[in-house]
2 protein chains.
Amino acid sequence: MTQPLRIDDLDRDILKALMHDARIPYAEMAKRFNVSPATVHVRVEKMRASEIITGTEVVVNPKLLGYDVCCFIGINLNAARDYHSAIEKLKELDEVVEAYYTTGAYNIFVKLMCHSIEELQYVLIDKLQAIDEVQSTETLISLQNPISRNVKP
Amino acid sequence: MTQPLRIDDLDRDILKALMHDARIPYAEMAKRFNVSPATVHVRVEKMRASEIITGTEVVVNPKLLGYDVCCFIGINLNAARDYHSAIEKLKELDEVVEAYYTTGAYNIFVKLMCHSIEELQYVLIDKLQAIDEVQSTETLISLQNPISRNVKP
DNA sequence: CATGAAAATGCGAAGGG
DNA sequence: CCCTTCGCATTTTCATG
């Protein structure tokens, strides 16, 4: 896996198209980029094999699923060595959708999605702060998400 | 749009499957959930129409595209009313992949992806801090991303 | 990298519980 | 009203040049 793969402009174009719509027909990309559908197929397979493309997923609107509250929480641990066990416990909380090991003010930084402020309060107090390894937390509530996109290939 | 749509267990199962693999055949979901492929089709169309599903995308590995540095930056603006114009300028920076309007210590919170620490330094000093509306920034570098997933339908 | 044919999948109409 | 069966159209996939 992960050989030092060469990505050319065609790969980049295909990738950009697929990052915008994973179900766009190969024939359409072929027409757009002036190659045959089979060539598109080969390139996509190559990028899957080299794990540049790791999968596909539908994009959902969390609000319409009832997730109205989005926030970030900086976590300080009692001891830095508690990192791994803390992460394992965070994985069990469905509300934690992202976690990062960070330098700076916090040991762990997480993104949380909740149905309501009440639920956030419950998750924060009774689930997150109930974790032994957690020493303190700092919460940042997001009111709006004006930019959300992927890296440029 | 967005009528108060009822989501039942079948919808949830289909959604979960599609969030894991947007190209899973309807026939396979049909077998798994004991309904006909056409029913799966109808449910997916319903969720697309109600905008619970807003699209599909391939999942890429940013590291293999050369994006080795991920960080979060808290931004304070000179004045809170500068929010909209600041966001417009942030949109023009390809390295800014997410932005949030937040309560608490910062006005705006962004996620940045860069190819290297050198590029981060350049983006931070010559692009981000060069924005008139920006008063100060605080950077949080992510060394690892042990949790990354979607909300539970 | 292109061609073309075979297999798989998506799609929508029409009918039944 | 929702689900299913069925047939056609599109798309993917692969062998060959």
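No hydrogens, no waters, no symmetry mates; every other heavy atom, side chains included, goes into these values. Lettering follows sequence order; numbering is per chain, from 1. For clarity, every value in this text was computed on a predicted model and none was experimentally measured.
- For DNA chain C, the stems formed by at least three consecutive Watson-Crick or G-U pairs, with both atom-pair distances below 3.5 Å, span C:1-17 with D:1-17.
- At whole-Å resolution of the value, CZ in A:Arg43 and C1' in C:dC1 are 9 Å apart.
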- [ ] Starting at the 5' end of nucleotides 2-17 of chain C, put B wherever the base has a protein heavy atom under 4.0 Å, S where only the sugar-phosphate does, and a dash everywhere else.
- [x] BB-----SSSB-----

Run the side-chain donor-acceptor check on residues 72-85 of chain B: report pairs under 3.5 Å with partners two or more places apart or on a different chain.
from    : atom 1 : to       : atom 2 : distance (Å)
B:Asn78 : ND2    : B:Asp132 : O      : 2.9
B:Tyr83 : OH     : A:Gln144 : OE1    : 3.3
B:Ser85 : OG     : B:Asp82  : O      : 3.1
B:Ser85 : OG     : B:Glu133 : OE2    : 2.8

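- In this structure, A:Ile14 atom CD1 and C:dC1 atom P are separated by 9 Å, rounded to whole Å.
- When the C1' atom of D:dT4 is taken as reference, atom NZ of B:Lys31 falls 17 Å away, rounded to whole Å.
- A heavy-atom distance below 4.5 Å is not found between the side chains of A:Ile7 and A:Pro153.
- Per the geometry, CG belonging to A:Leu10 stands 7 Å off P belonging to C:dC1, to the nearest Å.
- Side-chain N/O atoms of B:Thr56 and A:Asp21 include a donor and acceptor closer than 3.5 Å.
- With 3.5 Å as the limit, one finds no donor-acceptor pair spanning the side chains of A:Lys152 and B:Tyr67.
- Between A:Pro37 and A:Ala27, the shortest heavy-atom distance links the atoms CG-CA, 4.1 Å.
- Qualifying salt bridge (charged side-chain N to carboxylate O under 4.0 Å, His left out) partners for A:Lys31, counting only residues two or more places apart in sequence or in other chains: none.
- A:Val59 shares a hydrophobic cluster with no other residue; no ILVMFWY side chain has heavy atoms under 4.5 Å from its own.
- Applying the ring-ring contact (aromatic ring centres under 6.0 Å, His included) rule to B:His41 yields the partners B:Tyr26; only residues at least two apart in sequence or on another chain are considered.
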